Amino acid sequence: MGTAIPIVLVFVGCCSNVVFLELIVREFPGSGNIITFAQFLFIALEGFIFEMKFGRKKPTIPIRNYVIMVTMYFTVSVFNNYSLNFNISMPLHMIFRAGSLIANMVLGIIILKKSYSFSKYLSIALVSAGIFICTLMSAKQVNAPREGSDEQGFYAFMRWLIGVGMLTFALLMSARMGIFQEMLYKVYQKRSKEALFYNHCLPLPGFLLFSTDIYNHCLLFNESTPALLPWIGGSVPVMWIYLLMNVITQYVCIRGVFILTAETSSLTVTLVLTLRKFLSLIFSIIYFQNPFTTWHWIGTTVVFLGTMIYSDVFSSVYTALRGPAEREKTE
């Protein structure tokens, strides 16, 4: 298939997914559970039909290992989406999750006893500094004077702190899940499609805990502004359209990442995902007019600079440029 098609899938799927997510949460900030449930249900159904052949195909990796992985994955997904209920803006949400490099390195040192080069430590320091700057600036915005009493401002700030705590926990849990998958794949080899199915199928009963919230948001979605669809001869509440598009683009995003991982190096995958996050961030700021100060820009730049250093992008470019020059000298 080559790399062009999966790169297009990643950029189109992941970037548009963020757009539809924000369209939903700006109207109904507490809709994280219904979004997560819809995504899990769609991907699980697709995997059940095309990967597991309607249940006829047996899993290669033991189910007990998937249960552990799924517990981590479900927790990460719920915490990431539910944090949006606690005064967490979409730009901060995207920037904060870029701290996965820090979490992976820290847990890699602790659990896998890994050691890293100076450039890796430098990149982590830059990412940490960038996230700290953006987090601090967002805290000042949340705690800034507003209409109403000081208690309202303090209450909003405390909710924001809870949201940051949820993002931090999800970050560490996601890193631990990555290490667990790495160790698992060393034993059973990569089973990405199979893992994708079980990661989305096994958690579905867990959504019964949020059934009341999901049902209430179904009612809210039904009451949203109707959107005329001429090809069906009627109208549909616009929130259901946004949710459907969010689910589809999430699937396109995940499939694009999977294909890209199979077709190219991890360096290219990391670079594509980093550029995707940056474009999503820029679009979110411009289109949705999210508050973004000069310090936010500085923090964002530092985060992505650190990510590029971590991915050895600069050394790879230097090596690629140096190669033709050395060949000219020998000739």
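Excluded from the calculations below are hydrogen atoms, water molecules and symmetry mates; all remaining heavy atoms, backbone and side chain alike, are included. Bear in mind the structure is a predicted one, so any value in this text is a computation, not a measurement.
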Does the side chain of [Y] come within less than 4.5 Å of [X]'s, by heavy atoms?
X	Y	result
Phe11	Ser16	no
Ile43	Ile254	yes
Leu229	Ile241	yes
Arg276	Val18	yes
Gln39	Asn17	yes

Report the C-alpha distance between Met69 and Tyr198 in whole Å, list the side-chain angles of each, state the deciding distance to 0.1 Å, and finish with yes or no for side chain to side chain contact (heavy atoms under 4.5 Å, CB included). CA-CA 9 Å; Met69 189 189 305; Tyr198 282 104; over 6 Å; no
Heavy-atom pair with the smallest gap, counting every atom of [X] and [Y]:
X	Y	value
Gly30	Asp213	O-OD2, 3.9 Å
Phe79	Ala170	CB-CB, 4.0 Å
Val302	Gly130	CG1-N, 3.8 Å
Asn222	Pro237	O-CG, 3.6 Å
Gly256	Val10	C-CG2, 3.5 Å
Ser31	Ile34	O-CG2, 3.1 Å

Main-chain N/O of [Y] paired with [X] side-chain donor or acceptor, under 3.5 Å:
X	Y	answer
Ser235	Pro226	no
Asn246	Tyr242	no
Asn199	Ala195	yes
Thr293	His296	yes
Arg255	Gln250	no
Glu194	Ile61	yes

For the [atom1] atom of [X] and the [atom2] atom of [Y], what is their distance to the nearest 0.5 Å?
X	Y	atom1	atom2	result
Tyr66	Cys201	OH	SG	11.5 Å
His217	Ile35	NE2	CD1	8.5 Å
Arg176	Ile68	CZ	CD1	9.0 Å
Tyr73	Ser174	OH	OG	9.5 Å
Tyr251	Leu9	OH	CG	10.0 Å
Phe169	Thr75	CZ	OG1	6.0 Å

Are [X] and [Y] grouped together when hydrophobic residues (ILVMFWY) are joined by side-chain heavy atoms under 4.5 angstrom apart?
X	Y	result
Val187	Phe180	yes
Leu228	Met239	no
Val238	Leu219	no
Leu172	Met72	no
Val67	Val70	yes

Determine the interplanar angle of the [X] and [Y] rings, folded into 0 to 90°, and report it as parallel if under 30°, tilted if 30 to 60°, perpendicular if over 60°.
X	Y	value
His200	Phe40	tilted
Phe207	Phe74	perpendicular
Phe157	Trp160	parallel

Can you tell me if [X] has over 12 outside heavy atoms packed within less than 6.0 Å of its [atom1]?
X	atom1	value
Trp297	CH2	yes
Tyr121	OH	yes
Phe221	CZ	yes

Take Leu204 and Leu41 through the side chain to side chain contact (heavy atoms under 4.5 Å, CB included) test and state the conclusion after the steps. CA-CA 7 Å; Leu204 288 177; Leu41 181 62; 4.2 Å; yes
Check step by step if side chain to side chain contact (heavy atoms under 4.5 Å, CB included) holds for Phe210 and Phe37. CA-CA 9 Å; Phe210 310 104; Phe37 172 70; over 6 Å; no
Take Val127 and Phe304, measure what side chain to side chain contact (heavy atoms under 4.5 Å, CB included) needs, and give me the verdict at the end. CA-CA 7 Å; Val127 172; Phe304 286 99; over 6 Å; no
Testing Val164, Leu167, Ile162 one by one against Phe86 for a side-chain contact (heavy atoms from CB on, under 4.5 Å), which residue passes?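 With Phe86 as partner, Val164, Leu167, Ile162 yield a single side-chain contact (heavy atoms from CB on, under 4.5 Å), made by Ile162.
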